[in-house]
K.L.:
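I'd like to ask some things about the structure below.
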2 protein chains.
Amino acid sequence: MPPIPELEEIRRKQIIDATLLTLSHKGYAKATMAEIAAAANMSKGGLAHYFQSKQELFKAAFTEFYRLIFDRVEREADLIDDPLDKLLGFESLFAADDPDVEWGYPLLFDCMSVAGRDPEYRTLFSRWVDNWVVLLSRIIREGMDAGLFSPLEPEPMARTISAIYQGVATRWFLAPEDHSYEWAFHSYQTAIRGLMAPYIIANQP
Amino acid sequence: MPPIPELEEIRRKQIIDATLLTLSHKGYAKATMAEIAAAANMSKGGLAHYFQSKQELFKAAFTEFYRLIFDRVEREADLIDDPLDKLLGFESLFAADDPDVEWGYPLLFDCMSVAGRDPEYRTLFSRWVDNWVVLLSRIIREGMDAGLFSPLEPEPMARTISAIYQGVATRWFLAPEDHSYEWAFHSYQTAIRGLMAPYIIANQP
DNA sequence: CCCTTGACCGACCGAGCGTCCGGTCTATAA
DNA sequence: TTATAGACCGGACGCTCGGTCGGTCAAGGG
């Protein structure tokens with residue numbers, strides 16, 4: 001009998017946090033169960049009590065990871081009023097010194113790498129993308145409702161925008177010597193403006 | 001004394017081909033030296049005779065891989081005359097049934113995943129990008145020389161274009177249910193047209 | 001005909017890994 | 001107080017893999 005009924009939830013969170021921490025500086029391939037157990041102040045056996053395999057644990061960790069990211073992005077989008085500015089304003093994701101960013105990208109690359117062969121991880125990746133698409137679609141609809149954008153299909157446009165964001169961010173992250181923050185931000189903004197240009201209704205004077 | 005002096009080159013090519021083949025359906029993490037050796041019709045010892053470590057072999061293989069891709073892309077670009085059409089015309093890279101494409105993307109994701117932590121692979125990734133940038137910059141310069149584009153900095157634009165291409169292609173490859181060929185091609189073309197629009201000189205009637 | 005050289009073999013080693021499992025401890029129920 | 005169940009421990013097991021190393025064989029030089 002568990003003394004505290006929520007113990008399982010607490011432990012799972014504790015383990016997942018430790019997994020993300022370990023993953024962040026070791027990577028998917030080199031993170032071991034022993035290391036994760038140690039980071040969670042637990043033994044390998046205790047860890048196995050809550051997650052029966054490494055795969056299961058990693059999938060739970062990755063799911064938790066993108067939940068974290070979206071909480072954050074959504075909060076930031078809420079602070080901006082103008083829909084176009086919202087679309088253009090993901091600068092916080094180009095913050096090199098932010099720990100979330102620093103280990104978030106490698107984690108995403110790990111997921112993509114595995115997804116190249118494993119359908120289950122492909123689903124994880126799709127869900128990651130879907131979150132972005134939902135967020136961006138909502139912003140586009142806001143713009144249409146406010147009479148700022150002329151009618152367009154929100155979802156394909158949202159997918160295009162997020163794909164462009166990901167492409168630019170990947171370069172910036174993996175080859176920063178050749179892709180400065182300025183380049184990344186300018187590239188992203190120019191590309192999005194170019195895409196949205198046909199749909200932006202000139203503001204009345 | 002080797003009976004054929006070029007034997008070493010032949011063997012290295014043979015091994016690298018086998019490595020790419022093995023990598024293509026096993027992935028970086030799960031491809032073993034024994035398997036590669038078998039694919040090269042050779043023993044582990046023979047393999048070790050030419051490549052002293054797995055890392056060394058993989059780096060050579062990846063370098064060869066992007067040489068292959070660029071030979072191909074360059075040849076295809078040569079077939080098109082109009083510079084803008086060249087920029088817009090990488091459709092062969094959205095060919096799902098092409099074996100080069102089918103295993104090329106996973107290989108690139110593997111490289112990116114390792115590059116997230118390993119500076120040597122980061123350099124490999126940079127070189128991969130640089131190849132694209134050189135190719136695209138040349139096309140942009142052609143357009144400027146031909147009076148089709150007004151003056152612009154070719155390199156940053158080339159980097160933006162290739163980043164967008166990569167972002168779109170990644171989605172198309174990893175989440176094809178949600179990102180059709182039509183979506184990918186339209187997204188890429190629309191984005192590039194939007195970027196280039198300010199620099200396209202209206203053709204005289 | 002022997003000796004050297006280099007290509008190549010494949011059994012083996014040792015490290016590292018995920019998983020399993022017998023056991024211990026603690027808290028509740030009887 | 002005793003019994004029981006679940007939480008957790010940590011060593012052992014089995015396996016895989018990269019790298020090594022003594023050996024074989026064929027070709028050419030002396």
Side-chain angles (χ1 to χ4, degrees), chain A residues 1-62 110-111 113-114 117-118 120-121, chain B residues 1-62 110-111 113-114 117-118 120-121:
Chain A
M1 300 282 145
I4 315 162
E6 313 89 357
L7 179 62
E8 180 161 349
E9 265 185 69
I10 293 172
R11 285 281 181 270
R12 287 179 79 95
K13 177 167 171 30
Q14 175 184 350
I15 292 170
I16 286 177
D17 285 351
T19 306
L20 287 177
L21 183 70
T22 308
L23 238 33
S24 71
H25 43 263
K26 290 285 173 160
Y28 181 96
K30 293 196 171 177
T32 70
M33 294 298 264
E35 217 168 351
I36 293 169
N41 273 101
M42 206 177 279
S43 71
K44 290 205 296 175
L47 206 158
H49 188 73
Y50 291 99
F51 293 92
Q52 291 176 4
S53 76
K54 198 184 176 182
Q55 262 224 0
E56 190 189 323
L57 172 57
F58 279 11
K59 267 184 273 185
F62 192 79
D110 283 343
C111 175
S113 163
V114 182
R117 277 114 191 161
D118 182 338
E120 287 199 57
Y121 276 82
Chain B
M1 299 278 150
I4 316 162
E6 314 89 0
L7 180 63
E8 180 161 349
E9 264 185 69
I10 293 173
R11 285 282 181 270
R12 288 179 78 94
K13 178 168 170 28
Q14 175 183 349
I15 292 170
I16 285 176
D17 285 350
T19 306
L20 286 177
L21 182 71
T22 308
L23 238 34
S24 72
H25 42 262
K26 289 285 172 158
Y28 181 95
K30 293 195 171 177
T32 70
M33 295 298 265
E35 217 168 353
I36 293 168
N41 273 100
M42 208 178 275
S43 70
K44 288 208 306 173
L47 207 158
H49 188 74
Y50 291 99
F51 293 93
Q52 291 177 3
S53 77
K54 197 183 177 184
Q55 262 223 359
E56 189 188 325
L57 173 57
F58 279 11
K59 266 184 273 185
F62 193 78
D110 283 343
C111 176
S113 163
V114 181
R117 277 111 189 164
D118 182 336
E120 285 198 58
Y121 277 81

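So you know, we letter chains A, B, ... as the sequences are listed, proteins then strands, and number each from 1.
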K.L.:
So, using salt bridge (charged side-chain N to carboxylate O under 4.0 Å, His left out) as the criterion, who are the partners of B:E120 when residues are at least two apart?
P.N.:
B:K59
K.L.:
In residues 19-35 of chain B, which residues come under 4.0 Å of DNA chain D by heavy atom?
P.N.:
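Listed by number, they are B:A31, B:T32, B:M33.
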K.L.:
Which pairs, with at least one residue in residues 20-47 of chain A and sequence neighbours excluded, count as a salt bridge (Lys or Arg N to Asp or Glu O under 4.0 Å)?
P.N.:
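Those involving residues 20-47 of chain A are A:K26-A:E35.
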K.L.:
For A:F51, give me all partners under ring pair (Phe, Tyr, Trp, His ring centres under 6.0 Å), at least two apart in sequence or on another chain.
P.N.:
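A:F51: no ring pair (Phe, Tyr, Trp, His ring centres under 6.0 Å) contacts found.
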K.L.:
Say you draw a straight line from CG of B:D110 to CG of A:D110; how long is it, rounded to the nearest 0.5 Å?
P.N.:
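Interatomic distance, B:D110 CG to A:D110 CG, rounded to 0.5 Å: 10.0 Å.
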K.L.:
Output all residues satisfying ring pair (Phe, Tyr, Trp, His ring centres under 6.0 Å) with A:F62, sequence neighbours left out; order by chain, then residue number.
P.N.:
A:F65, A:Y66
K.L.:
Report each atom pair, protein N/O against N/O of nucleotides 24-26 of chain D, whose distance is under 3.5 angstrom.
P.N.:
none

K.L.:
Hey, what are the protein-to-nucleotides 9-11 of chain D N/O distances that come in under 3.5 Å?
P.N.:
residue: D:dC9; atom: OP2; partner: A:S43; partner atom: N; Å: 2.8
residue: D:dC9; atom: OP2; partner: A:S43; partner atom: OG; Å: 3.0
residue: D:dC9; atom: O5'; partner: A:S43; partner atom: OG; Å: 3.3
residue: D:dG10; atom: N7; partner: A:G45; partner atom: N; Å: 3.3
residue: D:dG10; atom: O6; partner: A:G45; partner atom: N; Å: 3.4

K.L.:
In Å, rounded to the nearest 0.5 Å, how long is the span from OH of B:Y28 to CZ of A:R117?
P.N.:
12.0 Å
K.L.:
Scan the side chains in residues 36-43 of chain A for donor-acceptor partners under 3.5 Å anywhere in the protein, sequence neighbours excluded, and list what turns up.
P.N.:
residue: A:S43; atom: OG; partner: A:G45; partner atom: N; Å: 3.3
residue: A:S43; atom: OG; partner: A:G46; partner atom: N; Å: 3.1

K.L.:
What integer distance in Å separates A:Y50:OH from C:dT19:P?
P.N.:
18 Å
K.L.:
Does atom CD of A:Q52 have more than 12 heavy-atom neighbours from other groups under 6.0 Å away?
P.N.:
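At most 12 heavy atoms, drawn from other residues, nucleotides or ligands, come within 6.0 Å of this atom.
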K.L.:
Under 4.0 Å, counting only non-hydrogen atoms across every strand here, what does A:F51 touch: a base, just sugar-phosphate, or nothing?
P.N.:
nothing
K.L.:
Working to the nearest 0.5 Å, report the span between CE of B:M33 and CZ of B:F58.
P.N.:
7.0 Å
K.L.:
Checking contacts here: which listed nucleotide (D:dA7, D:dG18, C:dC17) is nearest the side-chain heavy atoms of B:K54?
P.N.:
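Out of D:dA7, D:dG18, C:dC17, the nucleotide with an atom closest to B:K54's side chain is D:dG18.
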K.L.:
Taking atom C1' of C:dT24 as reference, at what distance in whole Å does atom NE2 of A:H49 sit?
P.N.:
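About 14 Å, once rounded to whole Å.
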K.L.:
Please list all pairs passing the side chain to side chain donor-acceptor pair (under 3.5 Å) test where one or both residues lie in residues 12-25 of chain B, with sequence neighbours left out.
P.N.:
B:R11-B:Q14, B:K13-B:D17
K.L.:
I need the CD-C1' distance between B:Q52 and D:dG19, as an integer number of Å.
P.N.:
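Rounded to the whole Å, the gap is 11 Å.
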